[in-house]
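Everything quoted here is computed from the prediction, not taken from an experiment. We're numbering straight along the sequence, starting at 1. Hydrogens, waters and symmetry mates play no part in the numbers below; they use all other heavy atoms, side chains included.
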Amino acid sequence: MGFGILLFSLLSFITGVDTPGDRPRAELLFVGDAMQHQAQLDRAKELGGGKSYDYSGCFTLIAPEITAADYAVCNLEVPLGGGPSYTGYPCFSAPDSYAQALKDAGFDLFLTANNHCLDRRDKAARRTLVALDSLGVDHIGTYHNAAQREQLVPFIKDINGFKVGFLNYTYGTNGIEPMEGVEVSLIDRDKMADEMRRTREAGAEILVVTIHWGVEYVLLQNRNQENIAQFLIDNGADLIIGGHPHVIQPMKVVRNEKENKDVLLVYSLGNFISNMKTADTRGGALVRATIERDETGKARFKEANYDTFFSAKPAGGSTNFTVIPSWMPEHIPAAQKAHWQLYDRGAQRIFDTHNINVPRKHK
């Protein structure tokens, strides 16, 4: 019997009461794509006096929300190339201080399987893993080689007594193939099913699949995403969290009748921070998912909610690109409020129309 189940049983025995509020639970938080375009790099270098890259202030407003979760996840959509120069689109490379700022904001797990992970080829992909290890953060999705993937998957984290398994996959790498054996977790049904099974067999009570998919700038999921999602549900996923389109897409709680459980399906969380310019790309969403033990002590996904945020551009002085929660509109620079309203109202229309049982927390 796991520690969480044992504790739950002991508390129920002592109190003689089994109410939902007494049950062990944990909150997982997810955001989308953490980008570094050239303007972001230039501003960070300017604030660092030309000698370093300063990201202080980028996540100050959103950090309390991130750290309040028991475990927080972001998609690191840039290799940490090591310099001396760094670049934005189309072939990204960012300094280690960017990942440090994300860690300081409260992120625990960095996803690295995305279409930009090989932008600076195998050397930078491997260096990214070394840099994340040096920061002491969890990361999944790319590996030094196939042997390391076999060694590190399954990845299971103990979160408040829940054994939560995480997997990460991408549709591709922009046509760049590994030349020196770097391993990227690609969307391959046989491989995904095998790793999901192995993760369960290794003791995962909750199975989270994070996936890079879909069509960029399209606000609704496509048939391919729906088919893959159903495949993941059929193979036992409890949470499916998507990214890549750089815009938000709907969130749903769907029923797995075979296993008699609810599953959280998020098609895209959009951008976390970026220098993108079109209205729908100026922000993103975060989703909070609660896992709980039922009356038998079994771990299950319980419920989810979301909020949105805006990626504000520097507004003079010492300001940097800043993630501003939509429930803090007073912090949005006056010159950018119209951009925020366009983004947030557009996102709200999609969520109001298409979300199923995933409400907004802050109205």
Side-chain angles (χ1 to χ4, degrees), residues 32-45 48 50-55 58 73-104 107-153 155 166-188 191 195 210-213 216 243-244 246 271-275:
D33 304 335
M35 312 295 296
Q36 272 296 283
H37 292 98
Q38 192 61 52
Q40 294 171 271
L41 292 164
D42 293 344
R43 183 57 171 166
K45 187 173 183 179
K51 299 180 180 179
S52 64
Y53 289 78
D54 182 357
Y55 294 96
C58 289
V73 182
C74 69
N75 173 49
L76 180 67
E77 197 152 352
V78 287
L80 303 175
S85 63
Y86 301 98
T87 54
Y89 182 84
C91 288
F92 292 106
S93 178
D96 295 356
S97 56
Y98 179 54
Q100 178 69 60
L102 290 165
K103 176 189 176 180
D104 292 344
F107 289 107
D108 303 291
L109 175 63
F110 289 61
L111 309 176
T112 59
N114 54 64
N115 58 307
H116 286 288
C117 64
L118 293 180
D119 276 6
R120 290 298 189 92
R121 308 309 194 268
D122 293 49
K123 182 178 179 180
R126 288 197 172 101
R127 191 193 175 283
T128 301
L129 304 179
V130 173
L132 293 176
D133 284 339
S134 71
L135 291 177
V137 296
D138 298 331
H139 55 91
I140 57 172
T142 57
Y143 306 90
H144 286 278
N145 47 48
Q148 189 190 45
R149 180 177 180 177
E150 286 297 310
Q151 176 188 359
L152 297 181
V153 177
F155 172 75
F166 292 87
L167 294 165
N168 180 214
Y169 302 99
T170 179
Y171 74 92
T173 54
N174 289 346
I176 303 173
E177 299 291 335
M179 301 298 292
E180 301 170 12
V182 162
E183 180 75 5
V184 179
S185 296
L186 298 174
I187 295 173
D188 175 292
K191 189 68 172 179
E195 292 186 335
T210 57
I211 188 162
H212 213 67
W213 61 0
E216 290 182 329
H244 170 63
H246 299 302
N271 289 327
F272 179 54
I273 191 169
S274 80
N275 185 44

Distance-only donor-acceptor pairs under 3.5 Å for side chains of residues 171-178, two or more places apart:
unit_1: Thr173; atom_1: OG1; unit_2: Ile176; atom_2: O; d: 2.6
unit_1: Asn174; atom_1: OD1; unit_2: Asn115; atom_2: ND2; d: 3.1
unit_1: Asn174; atom_1: ND2; unit_2: Asn115; atom_2: O; d: 3.1

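There is a side-chain donor-acceptor pair under 3.5 Å between Gln38 and Asp42. Between the side chains of Asn114 and Thr170, no donor N or O sits under 3.5 Å from an acceptor N or O. Glu77 and His244 share no side-chain donor-acceptor pair at under 3.5 Å.
Looking only at side-chain heavy atoms (C-beta outward), Leu167 and Tyr169 come within less than 4.5 Å of each other. Counting only heavy atoms from C-beta outward, the side chains of His212 and Asp33 approach each other to under 4.5 Å. At a threshold of 4.5 Å between non-hydrogen side-chain atoms, the residues Val137 and Asp108 do not count as touching.
Residues Asp119 and Pro79 share a closest heavy-atom pair of CB-CG, 4.1 Å. Nearest heavy-atom pair across Cys117 and Ala125 is O-CB, 3.8 Å. Summarising the geometry of Arg120 relative to Cys91, their closest heavy-atom pair is NE-O, 4.2 Å, with the distance given to 0.1 Å. Residues Ala39 and Asn275 approach most closely at CB-ND2, 3.3 Å, considering heavy atoms.
Listed for the Asn145 side chain is a donor-acceptor partner under 3.5 Å among the backbone atoms of Ala147. Between the side chain of Ser93 and the backbone N or O of Thr87, no donor-acceptor pair lies under 3.5 Å. Using a distance-only test at 3.5 Å, with no hydrogens or angles considered, a donor-acceptor pair links the side chain of Gln148 to the main chain of His144.
In this structure, Tyr86 has its ring center under 6.0 Å from that of Tyr53. Less than 6.0 angstrom separates the ring centroid of His116 from the ring centroid of Phe92.
Partners of Arg43 according to the side-chain contact (heavy atoms from CB on, under 4.5 Å) rule, which considers only residues two or more places apart in sequence or in another chain, are Glu46, Leu47, Pro314, Thr319, Asn320, Phe321. Considering only residues two or more places apart in sequence or on other chains, Asp188 meets the side-chain contact (heavy atoms from CB on, under 4.5 Å) condition with Asp190, Lys191.
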| task | Quick one: do Asn271 and Met35 satisfy side-chain contact (heavy atoms from CB on, under 4.5 Å)? Show the steps, please. | result | CA-CA 7 Å; Asn271 289 327; Met35 312 295 296; 4.0 Å; yes

| request: Begin with the C-alpha distance, continue with both residues' side-chain angles, and end with the deciding distance and a verdict on side-chain contact (heavy atoms from CB on, under 4.5 Å) for Phe107 and Asp104. | output: CA-CA 7 Å; Phe107 289 107; Asp104 292 344; over 6 Å; no

| message | The test is side-chain hydrogen bond (donor to acceptor under 3.5 Å, both in side chains); show your working for Tyr55 and Gln36 and say whether it passes. | response | CA-CA 11 Å; Tyr55 294 96; Gln36 272 296 283; 2.7 Å; yes

| field | Residue pair Arg127, Asp96: steps toward the salt bridge (charged side-chain N to carboxylate O under 4.0 Å, His left out) verdict | value | CA-CA 10 Å; Arg127 191 193 175 283; Asp96 295 356; 2.9 Å; yes

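Ion pair Lys123/Glu180 not flagged as a salt bridge, since none of the NZ, NE, NH1 or NH2 atoms sits closer than 4.0 Å to an Asp/Glu carboxylate oxygen.
Within 6.0 Å of atom NZ in Lys103, more than 12 heavy atoms from other residues, nucleotides or ligands are found, so the atom counts as buried in its surroundings.
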